[in-house]
Amino acid sequence: MALSWNEIKDRALRLSREWKDATDEDADAQSFLIEFFDVFGVSRRKVATFEHRVKRLDNSNGFIDLVWKGTILVEMKSRGKNLDRAFQQAKEYLPGLKQHELPKYILVSDFDIFRLYDIEEDTTIEFKLADFVQNVHHFGFILGYQKKVYKEQDPANIKAAELMGKLHDRLKEIGYDGHPLEVYLVRLLFCLFAEDTTIFNKQQFEDYIEQRTSEDGSDLAAKLQELFQVLNTAKDKRFRNLDEQLADFAYINGNLFKEILPTASFDAKMRQTLLECCYLDWSKISPAIFGSMFQSVMNPTERRNLGAHYTSETNILKLIKPLFLDELWAEFESIKTNKKKLEIFHRKIGSLKFLDPACGCGNFLVITYRELRLLELEILRAAYKKDQLASNIETILWLDVDMMYGIEYEEFPARIAEVAMWLIDHQMNMLVSNEFGQYFARLPLRKAATIVHGNALQIDWEDVVPKKQLSFILGNPPFIGKHLQNAQQKADMDLILSSVKGSGVLDYVTAWYVKAAQYIKNTKIKVAFVSTNSIAQGEQPGILWSLLFNIYKIKIHFAHRTFSWSNEARGNAAVHVVIIGFANFDIPEKSIYEYQDIKGEPHEVKVRNVNPYLVEGKDLIITARTNPINNVPSMIYGSKPVDDGNLFFTDEEKDEFIRKEPNAEKYIRPILSSHEFLHGKNRWCLWLENAEPTELKQMSNVMIRLENIRKFRTNSTKESVKKQAATPSLFSEIRQPKSNFIIIPRHSSETRKYIPFGFFDSKTIVSDSCTALPNATLYLFGILTSAMHNVWIKFICGRIKSDYRYSNSLVYNNYPFPESPTDKQIKAIESAAQKVLDARLQFPNSSLADLYDPLTMPPALVKAHNDLDKAVDLAYRPQPFTSEANRMVFLFELYEKYTADLFTKEKGKKKRIPSVPFDKGMM
């Protein structure tokens with residue numbers, strides 16, 4: 001039976017006392033190490049060898065003080081010797097060891113100072129012999145109950161996926177494919193995991209392959225088939241003359257080995273690959289990545305990008321902590337000294353049930369279960385002091401995997417999720433065993449998580465788990481934008497949202513929000529989903545949250561504002577996500593988790609209410625409107641050509657055309673798209689509005705182009721475009737300002753703190769990739785270029801990928817301008833706005849894209865914008881704004897005030913926006 005930690009600590013104290021005063025004569029490495037391993041109840045003779053000879057790279061012999069193959073290498077030195085050199089010496093021994101003999105840890109010591117190097121984690125723990133008792137937990141790996149370090153991406157995981165991938169590819173190549181292949185590999189993976197986590201004996205599966213199968217692999221499939229049958233057969237039901245090595249395997253049950261599969265086929269290379277899998281330490285692989293890692297095995301493309309398709313544990317904890325875990329821990333801390341209340345609390349968490357309706361390989365369920373089991377362990381520590389533990393530890397473990405439910409569209413991940421739950425359950429049982437000194441494993445498997453293979457949007461969740469029994473819904477539904485949805489996904493959206501006006505723009509994930517809202521109506525179930533941030537910005541919140549608020553009475557309880565979600569997989573692009581927790585009931589205090597750096601950690605802000613844009617404020621919705629809420633000029637889209645390129649010229653093409661057709665020069669005008677405007681490029685167009693027909697007919701090169709346009713429009717599939725074939729000299733849609741205007745690129749990079757706006761006169765044509773604000777003034781330019789308006793853009797406008805998509809109807813028309821700026825404030829904004837334009841002119845060879853790149857923005861321009869921000873902020877209120885969220889809270893309040901009065905105010909009494917013409921620096 002394994003020692004308890006208290007027993008280990010007692011032995012560690014004895015070792016420290018006995019060796020603290022040892023002289024150099026007394027300091028015998030072998031004697032010390034024998035006693036060192038005895039602290040953990042492990043006989044080093046069973047696991048390790050002294051004075052192990054190896055060949056160094058220079059072909060000289062070396063002698064390792066102690067090596068436990070595949071686990072630890074120890075190098076002892078006399079007191080006061082240089083431990084850096086000792087570590088270097090230890091590393092020089094490594095090339096002389098075989099691959100599967102390489103240690104996970106190196107320990108160097110001079111009998112007083114100890115340094116434990118974790119090779120895989122690249123971490124070092126150092127302590128003195130006197131402090132050994134405080135550091136014994138670092139040596140848990142000696143017992144096989146190693147404390148997990150849950151990494152976002154572990155090299156062992158990648159190596160394992162690559163090896164399993166080789167097996168998969170070869171089996172598929174010989175014709176072993178489909179469902180049998182999937183189940184076969186799941187079974188192999190379970191066996192590999194089992195022999196490193198005490199489900200099987202250590203190396204039991206590896207020894208069976210090495211000792212009972214031929215090197216050419218010819219009988220490996222048959223031997224595995226025998227093993228699978230044994231694992232599915234209770235000990236008392238097995239053949240009496242069964243090979244004793246087979247008979248020694250545990251009875252697993254759980255239906256994992258029940259199905260009779262076609263016999264596979266192996267060769268020598270495949271057998272060696274499987275053995276190489278055995279040489280890995282599978283106990284190091286967290287079940288949280290286990291499922292996704294194995295799913296990647298089935299797809300060679302995904303295998304190269306391991307990690308791109310799993311949710312990191314860090315991000316899962318961001319969801320489950322505010323959803324339920326923080327509250328449970330707080331309750332535990334408040335009652336942990338009251339044994340009666342502790343038992344009630346224990347039964348409470350044992351009765352909880354969780355549903356992930358898009359569970360994939362079960363990552364959320366695995367981590368949720370792990371965290372609950374860790375809480376249960378703390379309950380047991382508080383309830384059972386010293387030797388008061390029940391004789392049978394099974395009777396006091398009340399949490400089991402049947403508290404977890406999932407729905408998964410694909411069969412293979414669903415089966416993986418079931419296995420992953422068993423694996424994390426076993427890991428937690430080992431942790432409890434380690435804590436209380438009683439070995440406990442739930443074998444044979446009697447309970448399982450309920451993972452339903454099906455379409456979560458088409459099945460009734462009540463058929464999976466009755467809502468009267470359910471406590472929480474959580475997960476990470478698919479991120480699929482409207483343009484990427486396939487026919488089946490569009491049908492799913494229609495099923496859930498067909499009656500909702502404008503639902504065609506919604507992301508696929510929103511259907512899970514609505515389905516969950518329907519399910520939790522009139523219950524206390526809490527829900528939290530990870531989603532792309534698009535559902536909290538642009539046009540989607542107005543559609544989705546109007547439905548959730550008004551029909552299903554949903555209240556947001558907490559939210560993580562936008563953060564960057566990326567795993568360290570090769571080629572894995574970051575996704576910008578939010579986490580939203582909600583329910584069918586209200587709570588007095590809510591939380592917003594804000595990110596100063598979207599790649600960093602959040603800080604929590606307690607608020608009274610969280611609105612759909614994930615800032616503090618009332619549950620208001622911003623929807624597109626035809627006219628601005630303030631008395632400001634209307635913003636218009638640029639003109640649309642529909643010309644098949646016949647009206648446009650580069651610099652060279654323009655010069656060549658004028659050489660051929662000099663009379664056309666007066667009709668050639670500069671034209672700006674977002675690209676030309678931001679990148680300082682020139683582009684030209686034929687602007688033939690009001691051109692004399694007689695003059696046009698005299699320009700043969702112009703007429704050729706007009707004929708091309710006529711034919712192009714005539715062949716269009718759009719009826720409206722066909723009609724415009726009658727006027728080929730004109731742009732298809734003309735919306736050119738007649739006065740000076742501000743140009744706004746409709747698409748701009750999110751990396752810019754400010755979207756660059758510019759001043760132009762009416763001679764410059766605006767294309768439809770921009771919007772324009774006629775009757776431009778410096779005051780308007782200053783407001784729109786300020787941090788205040790740019791924060792509004794960040795929250796309200798839609799996105800293409802992560803880039804801003806500016807909309808006049810959604811962003812500009814809803815933007816609340818300063819309520820009552822004084823003349824002094826107006827002049828300050830005008831002056832600061834002009835300085836921004838002046839600062840730009842100091843760099844005539846730089847494009848706006850370069851000027852507004854955060855890495856290359858000139859200090860003079862930064863200062864000019866900072867001064868403008870201060871001037872604009874003061875026009876809103878005298879108190880400074882401390883954060884973007886702080887700005888949005890204020891703007892939402894002002895928006896609510898303006899829109900409440902919008903239909904009661906007399907039009908003539910609206911605050912008039914100052915009309916100050918722009919000065920120099922048109923740009």
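Here Asp507 contributes atom CG and Thr532 contributes atom OG1; the two are 4.5 Å apart, rounded to the nearest 0.5 Å. Atom CD1 of Ile734 is separated from atom NZ of Lys640 by 14.0 Å, given to the nearest 0.5 angstrom.
Classification of the Phe582-Tyr513 ring pair by plane angle, with boundaries at 30° and 60°, yields parallel. Ring-plane geometry between Tyr815 and Tyr876 is classed as perpendicular, the angle between the planes exceeding 60 degrees on a 0 to 90 degree scale with a lower cut at 30.
When side chains are defined from C-beta on, Phe731 does not count as touching Gln736, because their heavy atoms never get closer than 4.5 Å. Ile629 has its side chain within reach of Tyr895: a pair of non-hydrogen atoms, C-beta onward, lies under 4.5 Å apart. When side chains are defined from C-beta on, Thr510 counts as touching Gln540, because their heavy atoms get closer than 4.5 Å. The shortest side-chain heavy-atom distance between Asp651 and Trp684 falls under the 4.5 Å cut-off. Contact check for Glu656 versus Arg659: side-chain heavy atoms found under the 4.5 Å cut-off. Between Asp761 and Phe741 the shortest side-chain heavy-atom distance does not fall below 4.5 Å. In this structure, the side chains of Ile580 and Ile556 come closer than 4.5 Å at one or more pairs of heavy atoms. Looking only at side-chain heavy atoms (C-beta outward), Ile407 and Trp461 come within less than 4.5 Å of each other.
If you look at Tyr806 and His747, their ring centroids are not closer than 6.0 Å. Aromatic ring centroids of Phe649 and Phe657 lie under 6.0 Å apart.
Panel note: side chain Asn486, backbone Gln488; a donor-acceptor pair is recorded below 3.5 Å. The main-chain N or O of Val721 is never found under 3.5 Å from a side-chain atom of Ser716 such that the two would form a donor-acceptor pair. In this structure a side-chain-to-backbone donor-acceptor pair under 3.5 Å is missing from Lys666 to Asn663. Looking at Tyr852, its side chain never comes within 3.5 Å of a backbone N or O of Ser847 through a donor-acceptor pair. Panel note: side chain Gln537, backbone Cys797; no donor-acceptor pair is recorded below 3.5 Å. A distance-only check finds a donor-acceptor pair linking the side chain of Thr856 to the backbone of Asp850 [under 3.5 Å]. Put simply, the side chain of Arg705 gets close to the backbone of Asn646: a donor and an acceptor are under 3.5 Å apart. Judged by distance alone, with hydrogens and angles left aside, the side-chain atoms of His560 form no donor-acceptor pair with the main-chain N or O of Ile579 at under 3.5 Å. No side-chain donor-acceptor contact under 3.5 Å links Ser739 to the backbone of Pro774. Side-chain atoms of Ser729 never come within 3.5 Å of backbone atoms of Leu688 as a donor-acceptor pair (strictly under, hydrogens ignored).
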Q: Report the C-alpha separation of Glu695 and Lys697 in whole Å, then their side-chain angles, then the decisive distance to 0.1 Å, and conclude whether the salt bridge (Lys or Arg N to Asp or Glu O under 4.0 Å) test is met.
A: CA-CA 5 Å; Glu695 193 171 3; Lys697 292 198 71 172; over 6 Å; no
Q | Verdict with reasoning, Lys897 to Glu819, per salt bridge (Lys or Arg N to Asp or Glu O under 4.0 Å) | A | CA-CA 10 Å; Lys897 180 178 180 180; Glu819 187 173 11; 2.6 Å; yes
(Q) Set out, in order, the CA-CA distance, both residues' side-chain angles and the distance that settles salt bridge (Lys or Arg N to Asp or Glu O under 4.0 Å) for Arg713 and Asp643, then state yes or no. (A) CA-CA 8 Å; Arg713 291 179 180 177; Asp643 67 322; over 6 Å; no
Q: Before giving the answer on side chain to side chain contact (heavy atoms under 4.5 Å, CB included), spell out for Ile543 and Leu497 the whole-Å C-alpha distance, their side-chain angles and the decisive distance to 0.1 Å.
A: CA-CA 10 Å; Ile543 299 166; Leu497 295 154; over 6 Å; no
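Salt bridge Glu884/Arg887: absent, no basic N to carboxylate O contact under 4.0 Å. For Arg735 and Asp768, the salt-bridge test fails: no basic side-chain N is under 4.0 Å from an acidic carboxylate O. For Arg805 and Glu539, the salt-bridge test passes: some basic side-chain N is under 4.0 Å from an acidic carboxylate O.
When the salt bridge (charged side-chain N to carboxylate O under 4.0 Å, His left out) test is applied to Glu665, no partner is found at least two apart in sequence or on another chain.
Of all heavy-atom pairs between Gly758 and Phe677, the closest is N-CZ, 3.6 Å. The shortest non-hydrogen separation linking Ile755 to Asn790 is N-OD1, 2.7 Å. His789 and Leu784 get closest at one heavy-atom pair: ND1-O, 2.9 Å. Val509 approaches Ser531 most closely through the heavy-atom pair CG2-OG, 3.9 Å. Here the closest heavy-atom approach between residue Pro478 and residue Ala358 is recorded as CD-CB, 4.2 Å. The two atoms that bring Asn630 and Pro816 nearest to each other are OD1-CA, 3.6 Å, heavy atoms only.
For the pair Arg625 and Tyr812, the cation does not sit on the ring face, since its NZ or CZ is not both under 6.0 Å from the ring centre and inside 45° of the axis. In this structure, Arg683 is positioned above the aromatic face of Phe648, its NZ or CZ under 6.0 Å from the six-membered ring centre and within 45° of the axis.
Summarising the local packing, NZ of Lys681 is surrounded by 12 or fewer heavy atoms from other residues, nucleotides or ligands at distances under 6.0 Å.
Using a 3.5 Å distance cut-off with no hydrogens or angles, the side chains of Asn455 and Asp492 do pair a donor with an acceptor.
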